[in-house]
Amino acid sequence: QVQLVESGGGLVQAGGSLRLSCAASGRTFSSYAMGWFRQAPGKGREFVSVINWSGDSTSYADSVKGRFTISRDNAKNTVYLQMNSLKPEDTAVYYCAISTRYSGSYRTRDYDYWGQGTQVTVSS
């Protein structure tokens with residue numbers, strides 16, 4: 001069984017920064033790709049970023065490219081999402097997830113375990 005716990009969300013003004021963390025337990029974290037997704041009110045869950053098991057391959061949604069950075073520390077079983085130059089449209093609940101089958105997928109159905117989410121609110 002895998003447990004994922006996100007933290008680091010909050011309220012920030014436009015142009016500000018936040019760093020999200022996702023701590024994993026229960027399985028060999030370092031063997032799997034980790035993704036971040038987000039869901040705004042009234043919208044579906046959308047891909048934000050993914051990092052492969054070793055951390056040397058990453059991918060981003062066009063909407064966050066150049067502003068967000070994903071990273072991981074396998075020794076701490078933790079993946080991070082550094083979010084800079086935040087915009088009101090980044091407001092959403094952010095989820096981390098593990099894919100045991102794919103190394104860099106952007107599809108929610110390819111992920112097997114999900115955290116409970118952390119709220120990010122960006123005010124204008």
Looking at Y95, does the NZ or CZ of R45 lie under 6.0 angstrom from its six-membered ring centre and within 45 degrees of the ring axis? yes
To the nearest 0.5 Å, what is the distance between OG1 (T108) and CD (Q39)? 9.5 Å
Any sub-3.5 Å donor-acceptor pair from R67's side-chain atoms to S85's backbone N or O? yes
Looking only at atom types and distance, does a side-chain atom of N77 sit under 3.5 Å from a main-chain N or O of S25, one as donor and one as acceptor? no
Using only heavy-atom distances, determine whether the side chains of N84 and S17 contain a donor-acceptor pair under 3.5 Å. yes
Counting only heavy atoms not in K65 (residues, nucleotides, ligands), do more than 12 fall under 6.0 Å from its NZ? yes
N74 and S30 side chains, donor-acceptor separation under 3.5 Å: no
Find out if a path of hydrophobic residues (ILVMFWY) with successive side-chain heavy-atom gaps under 4.5 Å connects V50 to V79. no
What do you reckon, are the aromatic ring centroids of F37 and W114 less than 6.0 Å apart? yes
Give, for atom CG of L81 and atom CZ of R38, the distance between the pair rounded to the nearest 0.5 Å. 9.5 Å
F47 with W36, same ILVMFWY side-chain cluster at under 4.5 Å: no
Report the residues that fulfil side-chain hydrogen bond (donor to acceptor under 3.5 Å, both in side chains) with E89, sequence neighbours left out, ordered by chain and then residue number. none
Tell me whether T69 contacts the main-chain N or O of Q82 through its side chain, where contact means a donor paired with an acceptor under 3.5 Å. no
Set of side-chain hydrogen bond (donor to acceptor under 3.5 Å, both in side chains) partners for Y111, sequence neighbours left out: none
Look up atom OG in S57 and atom CD1 in I51, then write down how far apart they are to the nearest 0.5 Å. 8.5 Å
Taking T91 for the side chain and P88 for the main chain, is one N or O donor matched with an acceptor at less than 3.5 Å? yes
I'd like to know if V48 and M83 are part of one continuous hydrophobic network [Ile/Leu/Val/Met/Phe/Trp/Tyr, side-chain heavy atoms within less than 4.5 Å]. yes
Side-chain heavy atoms of T118 within contact of V93, under 4.5 Å: no
Would you say Y106 ends up clustered with Y102 if hydrophobic residues are merged whenever their side chains have heavy atoms under 4.5 Å apart, either directly or through other cluster members? no
For L86 and F68, run side chain to side chain contact (heavy atoms under 4.5 Å, CB included): C-alpha distance rounded to whole Å, both residues' side-chain angles, the deciding distance at 0.1 Å, then the answer. CA-CA 9 Å; L86 282 161; F68 291 11; 3.8 Å; yes
Side-chain ion pair, D90 and K87, N-O less than 4.0 Å: no
Heavy-atom count around Q3 CD within 6.0 Å, excluding the residue itself: above 12? no
First locate atom OG1 of T78, then atom CD of E6, and finally report the distance between them rounded to the nearest 0.5 Å. 11.5 Å
Under 3.5 Å, side chain of Y60 to main-chain N/O of I70, donor-acceptor pair present? yes
When you measure from the side chain of S99 to the backbone of D110, do you find a donor-acceptor pair of N or O atoms at a distance under 3.5 Å? yes
Atom pair CG/SG of L4 and C96 - distance to nearest 0.5 Å: 4.5 Å
Does R72 make a cation-pi contact with Y80 (under 6.0 Å, within 45 degrees of the axis)? no
Ignoring hydrogens, what is the shortest heavy-atom contact between G9 and L20? Give both atom names and the distance. N-CD2, 3.6 Å
Working to the nearest 0.5 angstrom, can you tell me the gap between I98 CD1 and Y32 OH? 8.0 Å
For residues A92 and A40, report the shortest heavy-atom separation together with the two atoms involved. CB-N, 3.8 Å
Using distance alone, with no hydrogens and no angle criterion, decide if T100 and D112 have a side-chain donor and acceptor under 3.5 Å apart. yes
Under 4.5 Å between side-chain heavy atoms, hopping through other hydrophobics if needed: is there a path connecting V64 to V12? yes
